[in-house]
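First the proteins, then the strands, lettered A, B, ... as listed; each starts at 1.
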Protein chains: 2
Amino acid sequence: MRMHNPPHPGEVLRELCLKPLELSVSEAARALGVSRKTLSAILNGRAGISPEMAIRLSIAFDTSAESWLNQQTQYDLWAAEKRRKSLRVERLAA
Amino acid sequence: MRMHNPPHPGEVLRELCLKPLELSVSEAARALGVSRKTLSAILNGRAGISPEMAIRLSIAFDTSAESWLNQQTQYDLWAAEKRRKSLRVERLAA
DNA sequence: CGTAGTGTAACGTTACGAGTTACACTCGAC
DNA sequence: GTCGAGTGTAACTCGTAACGTTACACTACG
């Protein structure tokens, strides 16, 4: 029902924002007001997009903070679903 | 454009899930497989709904994990927006 | 060769989700 | 009025995530 392997939002960020503007990671990080390491981690899928980062992206690229966070939510949910069967939960509603 | 004060998801959880089934916090926490404190914190808005908790809720109440996480995202974003003006970010796209 | 851009490892700080234990409060039953 | 259940919550631990700085190794290019 859900995607099998949604791209992490960092991948999308690189393709849709940095690439078209020919921005280096260093330049983009400086503009966003975060460290180069922080942005690099996001771009390479080793960190997620926090609410604050979503707002930074919305300012810098004139996009919707919500869309970035929703992408992140989808990705987090997909990752968490892999552990669904290990959760011991009783059903409370029909 | 966005709601001024979205309820935290815990409030919704209490009203839409616990109340109708007349579940105590202790009962619900046991069924969900988390501590009473953990559930209490969520219900009282002192903790958010994590991806794992969203899946627990989806199992227990036969709901959509996505909807819980989206509610949480909206709430987090609303909270983060309050700090938008304190972020020093350059605009990179028209 | 030297410089720029990049990935990333190591370190610290702050914060949060989750757990346990323990205490104070409310409230209904006896 | 006393007792117990349910509840909120404080104190503490653990693991992890986001952010920062510094430093190193790699690639590519003038």
State whether B:S26 places a side-chain N or O below 4.0 Å from either non-bridging phosphate oxygen (OP1 or OP2) of D:dT7. yes

Compare all side-chain heavy atoms of B:F61 with those of B:L21 and state whether any distance is below 4.5 angstrom. yes

Please state whether the phosphate of D:dT7, meaning OP1 or OP2, lies under 4.0 angstrom from any side-chain nitrogen or oxygen of B:S24. yes

Look at the side chain of B:R56 and the backbone N and O of B:L32, then say whether any donor-acceptor pair between them is shorter than 3.5 Å. yes

In the structure I gave you, are the side-chain heavy atoms of A:E81 and A:L77 within less than 4.5 Å of one another anywhere? yes

Just wondering, do B:L69 and B:P51 contact through their side chains at under 4.5 Å, heavy atoms? yes

Treating primed atoms plus P, OP1 and OP2 as sugar-phosphate and everything else as base, which nucleotides of nucleotides 25-30 of chain D get B, S or - for protein heavy atoms under 4.0 Å? ------

At less than 4.0 Å, is any side-chain N or O atom of A:R14 found next to OP1 or OP2 of C:dG7? Yes or no. yes

Say whether, by atom type as modelled, one donor and one acceptor occur between the side chain of A:Q71 and the main chain of A:P9 under 3.5 angstrom. no

For nucleotides 10-23 of chain C, 5' to 3', base contacts (B), sugar-phosphate-only contacts (S) and non-contacts (-) with protein non-hydrogen atoms under 4.0 Å give B------SSBB-B-

Are B:W68 and B:S58 linked by a side-chain donor-acceptor pair shorter than 3.5 Å? no

Quickly work out the A:N44 CG to C:dG5 P distance and round it to whole Å. 17 Å

